[in-house]
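Note on naming: letters A, B, ... go to the chains in the order of the sequence lines (proteins, then strands), and numbering restarts at 1 for each one. Side chains included, hydrogens not; waters and symmetry mates left out as well; all remaining heavy atoms used.
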Number of protein chains: 2
Amino acid sequence: MTQARMITPLFVDLAKVEHHHQLACQSCALYRLCLPLGLHRDDLSKLDQIIKRSAGYKRHQILFEPSSSFKTIYIVRSGSFKTTISAADGREQVTSFYFPGEFIGMDAIYQQRYLSTARALEASSVCELPYERLQDFSSKIPELQNQLMTRLSKELSSDKNLLLSLGKKTAQEKLISFLLSMSQRFSERGYSATSFQLTMSRGDIANHLGLAIETVSRLFTQLQEQQLLTIQGKEVAILDLSALKQRCG
Amino acid sequence: MTQARMITPLFVDLAKVEHHHQLACQSCALYRLCLPLGLHRDDLSKLDQIIKRSAGYKRHQILFEPSSSFKTIYIVRSGSFKTTISAADGREQVTSFYFPGEFIGMDAIYQQRYLSTARALEASSVCELPYERLQDFSSKIPELQNQLMTRLSKELSSDKNLLLSLGKKTAQEKLISFLLSMSQRFSERGYSATSFQLTMSRGDIANHLGLAIETVSRLFTQLQEQQLLTIQGKEVAILDLSALKQRCG
DNA sequence: ACACTTTATTGACCTGGATCAATGTGTGAA
DNA sequence: TTCACACATTGATCCAGGTCAATAAAGTGT
């Protein structure tokens, strides 16, 4: 989500205000995608007071890991993150990518312990929601409670769709599904649905989809040969969105 | 979860009361595993009034599917269920199995539409929680709200663990992880951790783990040859639990 | 007890994608 | 600008697990 790729006004102000850590939700460019949506004006300003705007995270910097104590749910403010879960022997699975307005760390509510490790994919920043205070608030503000449940349920839905990909789809279908999901998320954020910059490496994509790096690389080449997209480095241009939709299973 | 396999007092009364659809939560044998845990006596009796105890479902009967309108979250009262999610071309992925005390349908909160199809694996029954009324209640009862969030988060955790299995584990590790998860869930419910009856078919297990039926069958044979367990039909006896734990990755 | 259907096992063979290996292409530090 | 190192592509080969095929059990209804 680099500044260079912005094509609509939604994020125009983000660069300017990036350093104003205590910017109120009401004037945040993410308002339409974020938690406060649907909250009353005065509820929102109360919520505002418990939210801490963090300093930035650098590429590869850890936001939390299983050894961190769970106190906070994070919302991406700018940039992007990945979460990974580890097997006993160190094998890792990239479970999700997160973009502005999305919540990270909700799987820690059960067990009060982060299940996964979250790392920045690029220079990024987050808002921190102290979970205990969020609980207090949401018992007073039904709409907030509703938002939290909806977000949890949304993550559940996307994990279940990924299960379908991992369990039943071919390598090509997996990669196309992934690209379409990226396309949709960029477009929801006011960027082009057909031309965007991936923030994760080929290795991250391959791992996330249960494939080898080489397979991902070959598939990109193949999709280019079929004139469905172009890709150079991290820059993707989708040439035939509907053809891709037909091939994703 | 057949009556024949009960070995502790936890479920002793369940057979007798099975037909009392309006049995109160307070006297339900599932109390310790279920939603009401931690609720005050009077809150509980209020909750009781919005819960509907359903009639039974037969093996293979559908509890809900994506075309059903979302109004209800279900809790398994007896028996077991599976949920499947479908690709456009009809391929299905078994996303979860559900046992007594577990919640089905939480992925429908986002979008207000069931994402998956839920089917009974055996003769089963559920409690129905009308979601709207549950929302009203949980804004008055913080502990209930907390329970709901925790359940959502728990399902998120187990889905993420399944992602790790599907993405990074070998066929044998997948099957062992699955058996250990079953073992734990039976044991939480007062059944033996080492001797239990699977309620799902080989096909369901294979599908859930992203394997072919034949592979599952061969792996069972192989694990028997290695003296780690015995299996005849659906009856499993784990002979060396700790050896299995070492091999699940 | 019977026939009939569904589910599970076992063997033989095949293939999609992994692995191994070599080379090419950024990209950031000094 | 150059070095150094991480990341990406491409080709050759291999194998875990899938597919196909043939029985064998285990349910299920009559």
Inset, instruction - Taking atom types as modelled, find out whether B/Ser54 and B/Ser125 have a side-chain donor-acceptor pair closer than 3.5 angstrom. - result: no
Which nucleotide sits closest to the side chain of [X]: [options]?
{"X": "B/Glu214", "options": "D/dT9, C/dG17, D/dA21", "value": "D/dA21"}
{"X": "A/His60", "options": "C/dT9, C/dT7, D/dC7", "value": "D/dC7"}
{"X": "B/Ala212", "options": "D/dT19, D/dT9, C/dT10", "value": "D/dT19"}
{"X": "B/Ser217", "options": "C/dA18, D/dT9, C/dA8", "value": "C/dA8"}
{"X": "A/Thr215", "options": "C/dT19, C/dA18, D/dT28", "value": "C/dA18"}

Inset, instruction - Answer yes or no: is there an ion pair linking A/Arg185 with A/Glu102, defined by an N-O contact shorter than 4.0 Å? - result: yes
Inset, instruction - Flag the pair B/Glu155 and B/Lys160 as a salt bridge only when some basic side-chain nitrogen lies within less than 4.0 angstrom of an acidic carboxylate oxygen. - result: no
Legend entry - Value in whole Å for how far the P atom of C/dA8 lies from CG of B/Leu198: 10 Å
Legend entry - Distance, rounded to the nearest Å, where A/Met200 contributes CE and D/dA6 contributes P: 21 Å
Inset, instruction - Describe the nucleic acid contact of B/Lys174 in one word from base, sugar-phosphate, nothing, applying a heavy-atom distance below 4.0 Å. - result: nothing
Inset, instruction - Using a heavy-atom cut-off of under 4.0 Å over every strand shown, decide if B/Gly203 touches base, sugar-phosphate, or nothing. - result: sugar-phosphate
Legend entry - Any A/Arg218 side-chain nitrogen or oxygen under 4.0 Å from OP1 or OP2 of C/dG17: no
Legend entry - Residue whose closest nucleotide on DNA chain D lies nearer the 5' end, A/Ile231 versus B/Gln172: A/Ile231
Inset, instruction - Work out which heavy atom in B/Thr170 is nearest to a heavy atom in A/Arg91; give both atom names and the distance. - result: N-NH1, 4.4 Å
